[in-house]
Amino acid sequence: MRHTVVFTKKYLLKLWPWYISGILAVLLTNWLSVRIPVELAAGLDALRAGGDRAGVWTAAQHIALLGLGVIATRTLSRVWFFTPARISEFELREAVFTRCLALQPSFYATHNTGDLLSRTTSDITYARVFAGFGILQVFNILGALGFTLGQMVALSPTLTAACVAPIVLSFGVVQLNTRRLMGMQRQSQVLLGKLSDELLGAIQGVGSVQAFCVEGVFAGRLDGIAAEIRDNNLQLAKLRTVLFPLVALAGGLSLYLMLAVGGPLALSGELSPGSLAAFVSLVAYLLFPMTALGFMVSVLQRAEASLERIDGILSASIARPEEGRVQPFPCPGRGPEIRIRGLTFGIGEQQILKGLDATIPAGATVGVFGRTGSGKSTLLRLIARLAAVPEGTIRIGADRAGAGSGADGVDLCRVDLDDWRGRVTFVTQTPFLFSETISENVGFGAPEPEVRAALTAAAFDQDLGALPDGLGTVVGERGITLSGGQRQRVALARGLRRRTELLLLDDVLSAVDHATEQELIRTLDARARGGAATTVIVSHRMSVLERTDTVLVMEEGRIVDQGSHRELLGRPGLYAEAWSAQQEAS
């Protein structure tokens, strides 16, 4: 229960006033509940002794008052346990969400979205159940067992031993199978995450599913996962069906032993009839906590499995190699020089970039060209630090004077990640739009004039006027209500709104027409003038690349050529071949 202990120390111990109040209320509830059979015994014995009406009436009044006390203390105990559970749930959700925002893309590349959603929803709910109802029941069970057994021993130690023995034996059998139950419970949580991921993918891609008539394929996948969940839960249910009823069976055996042992004791006068009746009530009251023990095992197991999965998020490395060795950005307010030396990068055994060497001059506009899969997008992701950059392979310098940066510049891995991201604008080739208004997607709360200026720079004026609610138009899930070119330009406007020292554009003009492309190229040219920003543009369109200062040509993860547009056309190679092909196509 390591993760449960850690959760308790971090989130629950500081809420101890609530829990202390709740524990006292629970203990008082159980003490009052156990006193009721004692008063019942006193009333029965008084009635049997000769019809002592006063004694019977007093016992009846005490029972009524005890019952009212049980109602009050039980209500208070729920309030005092469930409130800190909700507080800890809120804090845990906030911590998990904050961590999710801090974790780098490399983490999400190895974790399915549906599984993460399951961890951040149902798993946190199970943690809250443990923090509230679970802990309440632990002390409720302890209080019930303590007070009930204490009262039973006070009435008859011999009869208590006879009644408790089968219950203890059955609980021991349950405990021997706890590890197996835990493993099956953990597997259930994993499968639920897998199901969530499959459902999320099917819903997000429902257009493609319907267009290709593959509903049956996705339904079959869901059926397969559902079958795994069913089989696992059936095995879990079978095990519980065998184990947990043992406690109830032990309770029935306890009642039998109580009559078998207690009957002769009552006949011999060693135990009064009222005390025997009280024993019946006490044994019945004892069955509840013993039966609840089986349920509590399940709650604790589910909580431990859930907290273990949540810890997989909270303990994941944020991958910030600069911590403790931060160096300042060398040229604030100016476009940096980027020096790439021996850059090799891969995922698993697949090498994507192989020994890249290049220099992107400060304030220049550099194009990157290459066939699909040559590593262009990966190069930009590494410069943006959306993937782990090998140390010493990318260095950031100032202008040619090298002011404040040293001869070799600053290792990109040593620049504070938040500071670097604040100086980089990266517009990807597959723009992601939130299911919000256009204004929110571009400005994230920025003033309207600023948003409109960015949309104008991205050639979105006419499109904006045609939309029903203008800036207030909700674009839908991932911008589904917009065309591909409109999504690209809204994402480009989001990037152009930021005035940063480095602008990375990954094939952002692929879905726009020629006239719009020319307008956007003029906008990017104007932005690049003066060296206020270094711009790197990945594109397959030569009309975009011919306006750049230099072009890097990539092939199979290597830079095979570089130079200006005119220089590359003047010698044979991939770039010249692509230019000829595009000229013929036009």
### Query
Would a distance-only check, ignoring hydrogens and angles, find a side-chain to backbone donor-acceptor pair under 3.5 Å from Asp416 to Asp419?
yes

### Query
Distance-only, no hydrogens or angles: does the Arg99 side chain make a donor-acceptor pair with backbone N or O of Ala316 under 3.5 Å?
yes

### Message
My understanding is that only residues two or more places apart in sequence, or in another chain, count here; which of them pass side-chain contact (heavy atoms from CB on, under 4.5 Å) with Arg487?
### Response
Pro431, Leu433, Leu482

### Task
Spell out, as yes or no, whether a donor-acceptor pair under 3.5 Å connects the side chain of Gln151 to the backbone of Val34.
no

### Query
Nearest 0.5 Å, what's the CD1-CZ distance between Ile23 and Phe139?
3.5 Å

#### Entry: side-chain hydrogen bond (donor to acceptor under 3.5 Å, both in side chains): pairs with one or both residues in residues 76-88, sequence neighbours excluded
Arg86-Glu89

### Task
Verify, without hydrogens or angle tests, whether Arg381 (side chain) and Leu386 (backbone) share a donor-acceptor contact under 3.5 angstrom.
yes

### Query
Below 4.0 angstrom, N of the basic side chain to O of the carboxylate: do Glu91 and Lys14 qualify?
yes

### Message
On a heavy-atom basis, which atom in Gly143 and which in Leu27 lie closest, and how many Å separate them?
### Response
CA-CD2, 3.8 Å

### Query
Side chains of Thr125 and Arg93: closer than 4.5 Å at any heavy-atom pair?
yes

### Close side-chain approach of Leu307 to Asp123, heavy-atom, < 4.5 Å
no

### Query
Can you find a pair of side-chain heavy atoms, one from Phe107 and one from Leu116, that are under 4.5 Å apart?
yes

### Query
Do other residues, nucleotides or ligands put more than 12 heavy atoms under 6.0 Å from the CZ atom of Phe444?
yes

### Task
For Leu195, check side-chain contact (heavy atoms from CB on, under 4.5 Å) against everything at least two apart and list the hits.
Leu199, Leu222, Ile225, Ile229

### Query
With a 4.5 Å limit on heavy-atom distance, are the side chains of Glu436 and Val474 in contact?
no

### Message
For the CG atom of Leu66 and the CH2 atom of Trp31, what is their distance to the nearest 0.5 Å?
### Response
7.0 Å

### Task
Show your working on side chain to side chain contact (heavy atoms under 4.5 Å, CB included) between His3 and Arg309 and close with a plain yes or no.
CA-CA 9 Å; His3 297 91; Arg309 283 161 51 80; over 6 Å; no

### Summary
One should read off an interatomic distance between Ser306 OG and Asp311 CG, to the nearest 0.5 angstrom, of 12.5 Å

### Message
Ignoring hydrogens, what is the shortest heavy-atom contact between Phe130 and Ala303? Give both atom names and the distance.
### Response
CB-CB, 3.5 Å

### Message
With rounding to the nearest 0.5 angstrom, report the OG1 to CG distance, Thr8 to Leu15.
### Response
11.0 Å

#### Entry: Crowding at CZ, Phe432 (>12 non-hydrogen neighbours, <6.0 Å)
yes

### Message
To the closest 0.5 Å, what do you measure between CZ (Phe133) and CG (Asn140)?
### Response
8.5 Å

### Cationic N near anionic O, under 4.0 Å, Glu308 to Arg2
no

### Task
Quick one: closest heavy-atom pair of Leu382 and Ala387, and the distance?
CD2-CB, 3.8 Å

### Message
If you compare all heavy atoms of Arg74 against all heavy atoms of Ser33, which two are closest, and at what distance to 0.1 Å?
### Response
NH2-OG, 4.2 Å

### Query
Taking the side chain from Asn441 and the backbone from Phe434, do they hold a donor-acceptor pair closer than 3.5 Å?
yes

### Task
Using the test side-chain contact (heavy atoms from CB on, under 4.5 Å), find all partners of Thr73 that sit at least two apart in sequence or belong to another chain.
Leu28, Thr29, Leu32

### Query
Does Arg423 offer a backbone N or O that forms a donor-acceptor pair with the side chain of Arg498 under 3.5 Å?
no

## Note on the structure
Sequence neighbours excluded, the answer for ring pair (Phe, Tyr, Trp, His ring centres under 6.0 Å) partners of Tyr19 is Phe81

#### Entry: Any Asn232 side-chain heavy atom under 4.5 Å of Leu191 side chain
yes

#### Entry: Spacing of Gln137 atom CD and Leu142 atom CG [to the nearest 0.5 Å]
11.0 Å

### Check: Thr437 side chain, Gly472 main-chain N or O, donor-acceptor pair, under 3.5 Å
no

### Query
Are Leu12 and Pro84 close enough that some pair of their side-chain heavy atoms sits under 4.5 Å apart?
no

### Query
With a 4.5 Å heavy-atom cut-off, do Met152 and Leu159 have their side chains touching?
no

### Task
Name all residues meeting the ring pair (Phe, Tyr, Trp, His ring centres under 6.0 Å) criterion together with Tyr11; count only those two or more places apart in sequence or in a different chain, and write none if there are none.
Phe7

### Query
Within the distance-only criterion (no hydrogens, no angle test), does the side chain of Thr120 pair as donor or acceptor with the backbone N or O of Leu117 below 3.5 angstrom?
yes

